[in-house]
Undergrad: 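Take a look at this one; I'll ask things after.
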Amino acid sequence: ANASHELRSPLTRISMATELMMDSAPEHLRKELKTNIQELDQLIDEILLSSRLEASKETTPEWDNIDLVGLLAEECARVNAELRIELDQESMQAVSALKAEGKLLRRLIRNLLENAQRYGDNKGIEVLLRTEASQLLLEVCDRGAGIPADQCDRVFEPFYRLPGSSETNGGVGLGLSLVKQIAERHSGQIS
């Protein structure tokens with residue numbers, strides 16, 4: 001966490017220097033620099049969040065009343081995902097005032113959707129919110145190649161990426177690890 005925090009200052013300086021040079025740089029170089037700075041910034045954010053979640057395992061979360069359906073609708077609209085809600089009236093009322101850490105829950109949903117977008121071969125994303133055996137289930141489905149059965153649990157390990165994943169896919173293997181940490185912080189689980 002300390003190292004990630006210390007990376008912020010030089011990254012900000014690099015970003016500012018890059019902005020000053022942008023007018024004279026070729027278009028492809030401007031795009032490359034901007035992409036690399038954004039990826040580094042996101043990596044620092046994810047490392048900081050992961051370390052905060054790890055450090056706060058023993059603390060009591062500060063719950064907010066979250067409208068889960070509204071949150072899902074906003075995040076699905078960002079990536080043009082189809083949202084289906086299959087809840088009875090009682091469950092619908094419960095999710096309209098769900099006790100959760102709002103920023104973390106949004107991050108969980110966003111990470112799942114961005115992952116589906118990244119690996120879904122641009123074939124659409126479906127999100128389903130339903131109940132099963134008195135549990136609330138959120139399913140994010142894409143039509144990508146999928147994850148080999150022997151790798152399914154490993155994708156939730158920090159910095160793990162499937163064999164053959166290239167840097168062009170983006171990500172560094174922290175997104176699903178964060179999702180797992182956030183789910184567990186909310187007494188949930190992911191598979």
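Positions are given from 1 along the sequence. As the structure is a computational prediction, the values presented were derived from the model and not from experiment.
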Undergrad: Under a 3.5 Å distance rule, please check whether His186 uses its side chain to pair with a backbone N or O of Ala100 as donor and acceptor.
TA: no
Undergrad: Around Asp64, counting heavy atoms of other residues, nucleotides and ligands shown, do more than 12 lie under 6.0 Å from its CG?
TA: yes
Undergrad: How about CD on Glu27, more than 12 heavy atoms from neighbouring residues, nucleotides or ligands closer than 6.0 Å, or not?
TA: yes
Undergrad: So, the side chain of Ser91 versus the backbone of Leu87: is there a donor-acceptor pair under 3.5 Å, distance only?
TA: no
Undergrad: Residues in salt bridge (charged side-chain N to carboxylate O under 4.0 Å, His left out) with Glu32, at least two apart?
TA: none
Undergrad: With rounding to the nearest 0.5 angstrom, report the CD to CG distance, Glu157 to Leu176.
TA: 11.5 Å
Undergrad: Can you confirm whether more than 12 heavy atoms, excluding those of Asp121, are under 6.0 Å from its CG atom?
TA: yes
Undergrad: Below 4.5 Å, heavy atoms only, C-beta onward: do Lys123 and Asp142 meet side chain to side chain?
TA: no
Undergrad: Could you go through residues 102-111 and list every donor-acceptor pair under 3.5 Å that involves a side-chain atom there, pairing it with any protein atom two or more places apart or in another chain?
TA:
residue: Arg106; atom: NH1; partner: Glu74; partner atom: OE1; Å: 3.1
residue: Arg106; atom: NH1; partner: Glu75; partner atom: OE2; Å: 2.6
residue: Arg106; atom: NH2; partner: Glu74; partner atom: OE1; Å: 2.9
residue: Arg107; atom: NE; partner: Asn111; partner atom: OD1; Å: 3.4
residue: Arg110; atom: NE; partner: Glu75; partner atom: OE1; Å: 2.9
residue: Arg110; atom: NH2; partner: Glu75; partner atom: OE1; Å: 3.4
residue: Arg110; atom: NH2; partner: Glu75; partner atom: OE2; Å: 2.8
residue: Asn111; atom: ND2; partner: Gly175; partner atom: O; Å: 3.2

Undergrad: Side chains of Thr18 and Ile14: closer than 4.5 Å at any heavy-atom pair?
TA: yes
Undergrad: Would you say Leu138 ends up clustered with Met92 if hydrophobic residues are merged whenever their side chains have heavy atoms under 4.5 Å apart, either directly or through other cluster members?
TA: yes
Undergrad: Give the cluster check for Leu162 versus Val140: same hydrophobic cluster or not, with ILVMFWY residues linked at side-chain heavy-atom distances below 4.5 Å.
TA: yes
